[in-house]
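For reference, the structure is listed below as structure tokens.
What's counted below: heavy atoms across the whole structure, side chains too, no hydrogens, waters or symmetry copies. A, B, ... follow the sequence lines: proteins, then strands. Residue 1 opens every chain. The structure displayed is predicted, hence computed values, not measured ones.
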Amino acid sequence: MSLHQKERDIIVQNEYVDNFDFSEIEEFITNASKDLFISHKFKNSSTTLVQPRGGFPTYNKQYELYEEFEKADIDVMPLTIDSHTRLNDYGSAKKMLMLSEANEVDMLNGYPLVNHGYRNTRKMVTHFNRPVSLRHGTPDARLLIETALASGIFEIEGGPITYLLPYSKNFPLDKAFLYWKYVERVCANYSGLNEPINRESFGPLTATLVPPCITIVIQLLEMLLSLEEGVKSFSVSFAQTGSVNQDAVMANVIRKMADFYAKKIGVEDATINLVYHQWMGAFPRNKEFSDSLINTSSFIASLVRADKIIIKTRDEAFGIPTMQCNAQSVANTKYTFKVLKGLPPIVDEEEEAILEEEIHSIMEAVFNDSADTLWRKTFNSIKNGIIDVPFSPHIINHNAVVTIRDEHSNIRIIEKGNLPISEKCFAYEKSKVKLSEDKTTVINKIIEDIGVMHE
Amino acid sequence: MSLHQKERDIIVQNEYVDNFDFSEIEEFITNASKDLFISHKFKNSSTTLVQPRGGFPTYNKQYELYEEFEKADIDVMPLTIDSHTRLNDYGSAKKMLMLSEANEVDMLNGYPLVNHGYRNTRKMVTHFNRPVSLRHGTPDARLLIETALASGIFEIEGGPITYLLPYSKNFPLDKAFLYWKYVERVCANYSGLNEPINRESFGPLTATLVPPCITIVIQLLEMLLSLEEGVKSFSVSFAQTGSVNQDAVMANVIRKMADFYAKKIGVEDATINLVYHQWMGAFPRNKEFSDSLINTSSFIASLVRADKIIIKTRDEAFGIPTMQCNAQSVANTKYTFKVLKGLPPIVDEEEEAILEEEIHSIMEAVFNDSADTLWRKTFNSIKNGIIDVPFSPHIINHNAVVTIRDEHSNIRIIEKGNLPISEKCFAYEKSKVKLSEDKTTVINKIIEDIGVMHE
Amino acid sequence: MKVVTGVVGNDIHVVANRLIDISLQARGFEVFNLGVNTHLEEFIDAAVESDADIILISSLNGEAEGWCRDLQFLRAEYALKNVVFVIGGNLSVGEAKDEDIVPKYESYGFDLVFHQVDLNTGLDKLEEFLGKRS
Amino acid sequence: MKVVTGVVGNDIHVVANRLIDISLQARGFEVFNLGVNTHLEEFIDAAVESDADIILISSLNGEAEGWCRDLQFLRAEYALKNVVFVIGGNLSVGEAKDEDIVPKYESYGFDLVFHQVDLNTGLDKLEEFLGKRS
Ligand code: B12
Ligand code: B12
């Protein structure tokens with residue numbers, strides 16, 4: 001038995017899981033409808049696909065949600081997982097699921113997929129026959145992903161960095177790399193059976209003042225780690241920055257860089273897609289304004305010609321949205337895409353050159369780390385602050401990079417910590433903001449910048 | 001007594017008008033608060049000013065509307081005039097006003113300013129102390145404008161072409177030119193007393209498939225006719241075309257051309273502002289989608305850096321909006337402007353060059369007309385189809401130009417009628433659309449293009 | 001069959017009027033299009049002169065109610081018993097409901113009332129109505 | 001005064017937590033920030049160990065209700081009579097009203113409950129409460 005098989009046998013056995021029948025699962029995937037594969041949909045569509053977020057504790061409520069989404073002619077169905085499952089706390093998830101079922105009150109902020117199991121979930125997924133995207137935030141997602149793929153969910157979001165640094169405090173980063181290596185391999189293996197499984201990285205990270213170069217470096221590294229294992233369809237992503245121009249710059253640069261680095265490791269046959277997240281930071285508490293903000297994000301997604309957009313709702317500041325509200329958001333976004341025509345290309349050569357140089361510098365530093373594999377190089381780079389994510393709750397994160405917004409709301413680096421960017425680039429970043437020496441002024445500016453979309 | 005004074009004496013005397021006290025009016029304007037002048041506000045503000053539409057029959061309801069707008073922190077108050085007054089039918093307006101007052105049902109689609117008189121209206125205008133913009137659509141607006149200026153309304157929309165070709169069937173165009181000449185002169189005269197009175201042209205015209213070159217030529221001609229009479233603050237305008245790129249091209253070109261032609265007639269000391277109209281054509285009947293459409297328009301106004309935007313509401317397809325709905329639209333637009341930062345410049349050199357050439361060709365043909373004055377040259381040019389507005393209801397309009405949308409929703413000329421544009425430009429326009437020889441296909445495409453923003 | 005059509009009152013919204021002209025012709029009607037800004041008396045005059053079967057009025061800007069109240073008197077005066085009176089478009093100032101609008105205009109003397117009804121749906125119903133009558 | 005603060009349960013929303021840390025310090029409190037992903041027992045442990053006056057809990061992701069039901073038992077077990085228990089953030093899954101949320105959490109044993117209340121408003125009320133008590 002291969003090591004992989006051994007690992008698999010351990011993972012799929014615990015008190016919360018039904019028996020896995022792997023030969024039946026292979027057969028299911030081999031014969032599954034092409035419509036379940038987002039990789040297939042990307043290939044055959046020219047507009048930006050629309051995907052909301054959404055996960056309810058009980059099977060029935062999730063089913064109803066999908067019915068609403070279907071009416072709004074959604075492109076990609078979401079399956080958002082609850083935060084207990086995300087931390088592998090299936091016991092708490094089970095308890096809260098039971099409470100939710102008994103009381104008709106939602107006691108979970110997502111769908112506890114492991115507790116529901118793949119046999120049930122697959123019924124729902126195949127019934128609606130649209131691509132489903134798994135959204136979680138789990139460092140050790142091995143069991144979750146086995147369950148998802150067996151259910152007919154053929155897009156898996158996340159990665160060892162993007163689902164760890166924003167989503168966990170203590171979970172060991174090296175373990176996360178290994179657990180995700182497992183996930184990549186499972187996805188790669190199943191990709192040979194039918195259309196490829198699509199992997200997607202989570203570019204928004206903490207959604208709070210993350211500078212473009214860090215976002216893109218992390219996107220590239222997760223892409224490379226995935227391609228290395230044989231994945232053939234991958235989506236890089238980022239979230240609305242707050243500056244239209246910075247969004248356009250990021251989109252242009254991330255496309256170029258993804259291409260460049262995929263080639264660099266010798267992969268030429270993988271499809272790379274671009275996903276744009278509507279504003280992921282703190283929302284206004286006025287629902288009308290939230291609608292405006294959401295529409296503004298959709299406009300930018302069109303401008304940057306994203307392959308997919310992940311949307312928010314007018315309820316964002318308040319709590320998990322109602323189904324109707326969520327479906328309405330889908331319909332509004334689809335309408336905006338329909339009427340938005342004649343989009344001009346946007347190019348800012350100077351900004352793009354600076355950003356590219358920053359990315360190359362950081363990537364070079366990662367590649368130059370003395371460790372033997374890319375994941376170990378990346379691990380070391382995070383540990384010593386070559387990669388540093390503002391507002392990460394994780395203990396390993398360096399927390400030395402400080403960013404604020406310039407007058408056009410571009411996110412700029414004002415303290416570079418251990419980021420290996422050139423003096424020239426750093427000087428450019430700093431030249432854009434009027435720096436104050438006074439620490440409380442800077443803190444107040446940061447607080448203001450966090451609430452930049454508030455009314 | 002000057003001819004002008006004689007004309008004035010005749011105008012302000014009819015059975016529906018109170019006595020005008022001109023020396024009191026001069027004194028009022030001389031001492032009026034700067035905050036009433038939009039020309040002053042333009043000078044001192046860097047964002048796009050927000051102005052809705054809005055006119056109710058009764059004084060009280062108009063007052064309440066202003067109260068709502070004030071809460072939404074509006075920049076420019078509208079005063080939209082009813083359609084009877086627009087056609088100088090003060091009798092019908094009076095009858096409907098009385099019915100509206102008696103029954104608390106609105107029997108007019110705007111505020112009958114002449115019937116209310118300047119003494120009353122001034123109380124309201126000065127109470128709110130914000131710039132008011134007069135929106136009407138009246139070919140003979142002499143009495144209306146005298147009343148407006150005396151009321152403290154210091155922005156006057158319209159012009160002999162833009163308020164005639166879309167707004168009237170039979171009204172004689174030559175008379176319209178003369179009546180507007182009067183209006184320009186009154187505005188110019190009062191402009192010396194305090195801040196300048198701002199005149200604004202109505203770029204949307206019929207809001208239905210008007211090609212950019214015709215819109216801009218008409219904007220330029222009305223601007224020139226106004227500057228000739230001594231007006232010092234003028235706004236050119238256009239409405240969302242349906243293609244973002246065409247909007248950007250129009251904005252860039254209209255700015256350059258306004259500058260060029262003002263200089264050409266020797267005026268260098270006038271301020272020219274750019275006004276953008278949110279989508280003016282047929283609206284969707286889904287109010288959520290209307291919100292999205294409106295927000296999309298606001299985004300474009302920011303992109304093209306308009307000095308002012310004139311907004312619509314989610315009720316557009318249904319009828320005159322409620323006050324609350326209208327105020328909400330103001331608040332939403334202001335929110336969008338607030339959060340929309342980092343706007344990239346958009347330049348499309350090829351499209352701009354073609355459009356400029358078309359404009360210069362038409363302007364040249366107008367200037368080359370053998371008549372003695374610019375207004376007579378313009379009159380002749382409209383009469384013989386050198387200027388031709390699609391979907392104008394006016395009998396003088398040539399109705400030979402046919403336009404449809406290309407695949408990016410740019411409006412393109414497919415039949416040029418008597419438009420004096422070069423073969424090269426016309427070939428460019430036609431090259432953008434796959435032309436069908438079949439007439440019913442073209443008609444069906446036009447019907448579809450009219451409903452381009454429908455769900 | 002002969003139709004007199006136009007947009008009533010001081011209303012100058014011409015786009016629907018152009019489409020109505022095209023659509024009626026496509027359905028085989030003989031059309032006298034008076035265009036926009038047409039007063040009620042002009043419709044009646046044209047119908048009498050051309051011996052029309054149908055008067056099809058559009059109103060978009062909210063004015064119709066003001067004008068069409070006089071229809072009953074005119075109808076009586078000119079004895080236009082066999083002419084079918086149709087009105088459509090946006091038949092009130094501000095947003096209004098069908099339940100309120102349709103009976104009101106029927107009481108003014110219209111045979112068919114289409115408030116915010118799509119053109120083709122309305123013309124289908126008109127042909128149905130004409131079919132039933134003959 | 002000593003405050004133990006943190007974000008309860010499996011919740012990792014850290015932004016408010018960072019701001020709370022800064023704001024409490026600015027107001028002169030001695031702060032023990034346990035950060036995100038802190039279980040109820042850890043709050044109690046830290047309060048006992050540091051002899052804290054206040055436990056100030058944040059919850060953003062909707063989990064709080066699940067965890068805080070056990071507070072009464074813990075409070076009884078550890079005899080933390082004089083410790084002020086404060087909770088704030090977004091205290092339900094989905095949208096909820098103050099009238100429903102506040103009494104519920106008070107019944108769990110919280111002295112002050114701030115559902116969707118701005119941080120500074122909440123901290124002002126906390127200081128007011130402390131002032132009245134002493
Ligand atoms: C374009 C437009 C204009 C253009 C018109 C250019 C022109 N000459 O045609 C301009 C900018 C000049 C204009 C001016 C004004 N307008 Co205007 N305009 C519109 C707008 C945006 C689209 C109209 C349009 O062309 N639609 C496309 C055509 C194809 O559709 P349609 O007209 O709705 O017609 C369809 C149906 O109604 C139906 N139909 C029509 N007639 C009939 C008859 C029958 C028998 C049947 C079965 C069906 C039918 O068939 C058509 C196809 O489906 C509408 C709002 C909207 N609908 O989105 C406002 C609107 C009609 N305008 C309005 C108003 C009030 C005015 C003004 C008075 C200014 C003001 N106060 O805002 C002036 C009018 C001056 C005057 N004297 O009438 C109001 C009317 C309000 C009301 N009823 O309560 C509207 C609804 C906007 C609003 N919400 O305030 N307007
Ligand atoms: C940024 C964000 C994230 C980032 C967090 C990065 C990080 N590590 O911090 C990411 C993208 C990773 C994320 C993940 C998730 N999130 Co989140 N997230 C947000 C978002 C958009 C902004 C939060 C924020 O930073 N606000 C800025 C800070 C300054 O404001 P604040 O947190 O609201 O705190 C203020 C007040 O609440 C108050 N306050 C807070 N605590 C206390 C305590 C006291 C005593 C007082 C007086 C005041 C107070 O003070 C602060 C300043 O005014 C909110 C929605 C929103 N509010 O717009 C959702 C939101 C909080 N997230 C939510 C959810 C559900 C999740 C997920 C479970 C994923 C999912 N199912 O969608 C995961 C969580 C995983 C987990 N284990 O917890 C939900 C919670 C739903 C609910 N309560 O019903 C929200 C409301 C979004 C939504 N509508 O669905 N999220």
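Within residues 292-302 of chain A, the residues having any heavy atom closer than 4.5 Å to a heavy atom of chain B are A:S292, A:L293, A:N295, A:T296, A:F299, A:I300, listed by residue number. Close approach to chain A, defined as a heavy atom under 4.5 Å from one of its heavy atoms, is seen in B:P284, B:E288, B:F289 of residues 280-289 of chain B, taken by number. Within residues 306-325 of chain A, no residue approaches chain B closer than 4.5 Å by heavy atoms.
Residue B:E407 touches chain A through its backbone alone, counting heavy-atom pairs closer than 4.5 Å. Using a 4.5 Å cut-off between heavy atoms, B:N332 contacts chain A through both its backbone and its side chain.
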Dump the intermediate steps for side-chain contact (heavy atoms from CB on, under 4.5 Å) on A:H454 and B:Y335, then the final yes or no. CA-CA 9 Å; A:H454 285 173; B:Y335 170 79; over 6 Å; no

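The most heavy-atom pairs under 4.5 Å with chain B, out of A:Q328, A:K338, A:E455, come from A:Q328.
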Just distance, no hydrogens or angles: give the donor-acceptor pairs under 3.5 Å from side chains in residues 340-350 of chain B, sequence neighbours left out.
{"from": "B:D348", "atom 1": "OD1", "to": "B:E350", "atom 2": "N", "distance (Å)": "3.4"}
{"from": "B:D348", "atom 1": "OD1", "to": "B:E351", "atom 2": "N", "distance (Å)": "3.2"}
{"from": "B:D348", "atom 1": "OD2", "to": "B:N245", "atom 2": "ND2", "distance (Å)": "2.9"}

